[in-house]
Amino acid sequence: MYTFARFEQAIREALLATNLINAADIDLGAPKAAGVQADLALPCFRSAKTRGSNPAQVAQELAAALQFAPDSLVASATVSGPYVNFNLNPQAFAKAVLADVQAGGATYGSSSKGNQRKVIVEYSSPNIAKRMHVGHIRSTIIGQAIANLYQRLGYEVIRDNHLGDYGKQFGVNIAATIRFGKPEGEGEAVLAAIEEQYKRYNLLMKGANPDDADYDPDAEVDLDDEARAWSLKLEQGDPQAIELWQWMVDLTKTANQPNYDRLGVQFDVQHGESFYKDMLDEIISDAGESELAERDGKAIIVKDLPDHRGKKLPTFLIQRSDGGTLYITRDIATIKYREQTYNPDAMIYIVGQPQELHFRQTFAISKALGYTDAELIHISFGTVFDAQGQPLSTRKGNMIYLETLLDEARNRAKALIEQKMSEGKTQLTADLIDHVAEQVGVGAVMYNDLYQDTKRNITVDWDRMLAFEGNSSPYLQYMHARCCSILRDFGELPASYDGSLLSHPAETGLLKELARLPQIIEEAAARYAPFVVADWLYATARAFSAFYDACSVLKAETPELRVARGHIVAATAQALRNGLSLLSIAAPERM
RNA sequence: GCGACCGUAGCUCAGUGGAUAGAGCAUUGGUCUUCGGAACCAAGUGUCGGGGGUUCGAGUCCCUCCGGUCGCGCCA
């Protein structure tokens, strides 16, 4: 058990030992009021009710009866009106926290609470034949962090990139490629060209104005039927259709890989939607024969299906009237496949808020058909808008592509590093500059998607997105680099030291933050909220900065204190690294 | 019309029933011959969207209204 949990447990046991309070009435928490100097507080309202007394009196009686051993982590219990406030013993606490971090190392904060239960996290999920843009970065980064959190809590995590490689739009893509030819080139440039042809084809399909620059006299051909025909051929396994489709799949994967590498993202499986196509017939027949659906020609319609809270969902289709399948059909098949293949305890989907209804319907029908007993969770995130409040779109020309964004961030970071070097504030070898600029710039972009509650919509603000000050990842990385700088200058850190020397308020404040990491990880995972980790990182970095300012390590008053402070710095560096790695953000030693 | 999410300082956001609602940015002032100033300290500004309700106690839970974003049978 980690130190802070032991502190809480010691209080709980001492409270129960008084025989004055029921376990159910013990509600320990951090004091919320400003200016209250306490590490945990017990509001006595509930036990006062149980005992038929008044809260202030109960607090008095409890405090009088409480007893703690001299070497306890609990230093004091003091009464403040209806509250009993508990304070840590700074010396005992310092020793115990540092021991925790040293023992845990890179795994400090982890636990085995998950007991290897299986969790599938579906995230990123870009579309084939399209470039990745700011919308995908949210799913990718948030999903990655959530997967990391569960892994750290001892769950077996399966990371699934559910590629959008199926559907009607590939009929258009294939038809357009045959009509206009295969674009040359590689990477995102080819994807951009394919997007352009897709757009052009759609323009023609809709019977564009002959005066339009994009007008093509061949538009007299019924392009809609042509695209539909290719879509059907693709599903039926026509060799030419398959070849072109495979060409696009490979191109896209190749183009996306550098972006994933830069973000430190890896997947265990990357099955596209098409992977599940052989299961679609059984989904359709299961649903069609069930009481849930009604038929109208070939269409299979589900009406008034209740969700898990008993609310009736809007009508949706599982099969089109032309016999084709839909997005939801393939998502249901995916759930069935995952249940059969992995037997997971939960499937977590990191997908934007606009698809909230789709997942409620998908989950409800999958449960109703008995396809899975796993917990099905949709973690939605808000939409990205430009500075004018417009949604980003290729058509409006305000789209921001992932590669562009990461490059811009890296360039800004590089400029700043070069400035710091010219000011003599940092030393980096030439080959390290680019590497560190990449770590700092990419980290800033990632942090921008992680520092706040993901449910909110966000507005593109380049200065905020690439902020290097205040609550930003460069600040966190900078504090880590400062730790490393001190440790380099320190020389060899003696293994034995006296942690009880660390009782300066800035030291205690920092240690309290270090001690919170284990519960932070649990809270962040339970809430599917990486920003909880980001908040903690920022609080910890600030506590370190305050310590840095108030307490000299290398010039400490005594050699013993110098060593003890060396250990607090080493522990801080470790904890920051652990927190940053949960967010998949790099922690360079110099910057 | 129905549904989901959001509304807290000038701006961007924390605060998941407890005491006097907190951070960053911006503003103003200070620290600074420095263990890396991407820093630290200090100062301010709040009808917590409005109104009801539940509770000993509501920014937090319930109802209602207002405002914003998005979604609602053959796209994904």
Can you tell me how far C1' in B:C66 sits from the matching atom in B:G51, rounded to whole Å? 11 Å
Ranking B:A14, B:A19, B:G36 by distance to the side chain of A:P31, first place goes to B:A19
Only residue of A:V58, A:T50, A:L42 satisfying side chain to side chain contact (heavy atoms under 4.5 Å, CB included) with A:I21 is A:L42
Exercise for review: Identify whether any heavy atom of A:A48 sits under 4.0 Å from a base atom; if not, whether one sits that close to sugar-phosphate; answer base, sugar-phosphate or nothing.
Suggested key: nothing
Separation of B:A23 atom P from A:L476 atom CG, nearest Å, is 17 Å
- Between A:F45 and B:G18, do the rings stack, that is, sit under 5.5 Å apart with planes less than 30° off each other? yes
Counting only N and O atoms by type, is there a donor-acceptor contact under 3.5 Å from the side chain of A:W230 to the main-chain atoms of A:F170?
no
Re B:U33: Watson-Crick or G-U wobble partner, both distances kept under 3.5 Å, found to be none
Inset, instruction - Would you please indicate yes or no on a ring centroid separation below 6.0 angstrom for A:Y447 and A:Y475? - result: no
Under a 3.5 Å limit on both distances, the Watson-Crick or wobble mate of B:U55 is none
Please work out if A:A550 contacts a base, only the sugar-phosphate, or nothing of the nucleic acid, heavy-atom cut-off 4.0 Å.
nothing
Looking only at atom C1', what distance separates B:G15 and B:C48, rounded to whole Å? 11 Å
- Query: Hey, is the main chain of A:D463 close enough, under 3.5 Å, to the side chain of A:D461 for a donor-acceptor pair?
  - Reply: yes
Looking for any heavy atom pair under 4.0 Å, which part of the strands does A:L416 touch: base, sugar-phosphate only, or nothing?
-> base
Interatomic distance, CD1@A:I26 vs CG@A:L62, rounded to 0.5 Å, equals 8.5 Å
Using a 4.0 Å heavy-atom cut-off across all strands, classify A:F490 as base, sugar-phosphate, or nothing. nothing
Next item on the list: In whole angstrom, give me the gap between the P atoms of B:C62 and B:C5.
Entry: 10 Å
_I'd like to check, for A:Y83, whether its ring lies over the base of B:A19 with centroids under 5.5 Å apart and a plane angle smaller than 30°._
yes
Side-chain contact check for A:K168: nearest option of B:G71, B:C35, B:C75 is B:C75
B:C35 phosphate, OP1 or OP2, under 4.0 Å from A:S485 side-chain N/O | no
- Within the structure shown, what part of the strands sits under 4.0 Å from A:G164 by heavy-atom distance: base, sugar-phosphate, or nothing? nothing
Here the distance between atom P of B:G73 and atom CD of A:Q361, to the nearest Å, is 9 Å
Between A:A444 and A:S473, the two heavy atoms sitting closest are N-OG, 3.0 Å
Could you list all N or O pairs between the protein and nucleotides 40-42 of chain B that sit under 3.5 Å apart?
unit_1	atom_1	unit_2	atom_2	d
B:C40	OP1	A:Y475	OH	2.7
B:C40	O2'	A:D549	OD2	2.8

When we call it a touch if two heavy atoms are under 4.0 Å apart, what does A:L357 touch: a base, just sugar-phosphate, or nothing? sugar-phosphate
- Query: Tell me, do A:H567 and A:L493 make a side-chain contact under 4.5 Å, heavy atoms counted?
  - Reply: yes
- Query: Is the Lys NZ or Arg CZ of A:R464 less than 6.0 Å from the centre of A:Y451's six-membered ring, within 45° of the axis?
  - Reply: yes
query = Is any N or O donor-acceptor pair between the side chain of A:K32 and the base of B:G22 shorter than 3.5 Å?
reply = no
message: Quick check on B:G15: is either OP1 or OP2 less than 4.0 Å from any side-chain nitrogen or oxygen of A:R527?
response: yes
Between A:A34 and A:D165, whichever has its closest RNA chain B nucleotide further toward 5' is A:A34
Would you tabulate the side-chain donor-acceptor contacts of residues 376-387 of chain A under 3.5 Å, counting partners in other chains and residues two or more places apart, or write 'none'?
unit_1	atom_1	unit_2	atom_2	d
A:H378	NE2	A:V351	O	2.8
A:D386	OD1	A:Q388	N	2.8
A:D386	OD1	A:G389	N	3.0
A:D386	OD1	A:Q390	N	2.8
A:D386	OD2	A:N398	ND2	2.9

In Watson-Crick or G-U wobble terms, with both distances under 3.5 Å, the base opposite B:G17 is none
Quick tally for nucleotides 1-6 of chain B: nucleotides whose base has a protein heavy atom under 4.0 Å get B, sugar-phosphate-only ones S, the rest -, giving --SBSS
Q) Just checking A:E273: base, sugar-phosphate only, or nothing, at a heavy-atom cut-off of under 4.0 Å? A) sugar-phosphate
Q.
Whether the side chain of A:N85 and the base of B:A19 hold a donor-acceptor pair under 3.5 Å is what I'd like checked.
A. yes
Base of B:C74 paired with side chain of A:S321 (donor-acceptor, under 3.5 Å):
yes
As its Watson-Crick or G-U partner within any shown strand, both distances under 3.5 Å, B:U28 has B:A42
At 4.0 Å (heavy atoms only), tell me whether A:Q319 reaches a base, stays on the sugar-phosphate, or touches nothing.
nothing
B:G71 -> Watson-Crick or G-U wobble partner, both distances under 3.5 Å, gives B:C2
- Within the distance-only criterion (no hydrogens, no angle test), does the side chain of A:T315 pair as donor or acceptor with the backbone N or O of A:K303 below 3.5 angstrom? no
- Message: Heavy atoms only, 4.0 Å cut-off, all strands: where does A:C551 land among base, sugar-phosphate and nothing?
- Response: base
For this session: Describe the nucleic acid contact of A:R330 in one word from base, sugar-phosphate, nothing, applying a heavy-atom distance below 4.0 Å.
Result: sugar-phosphate
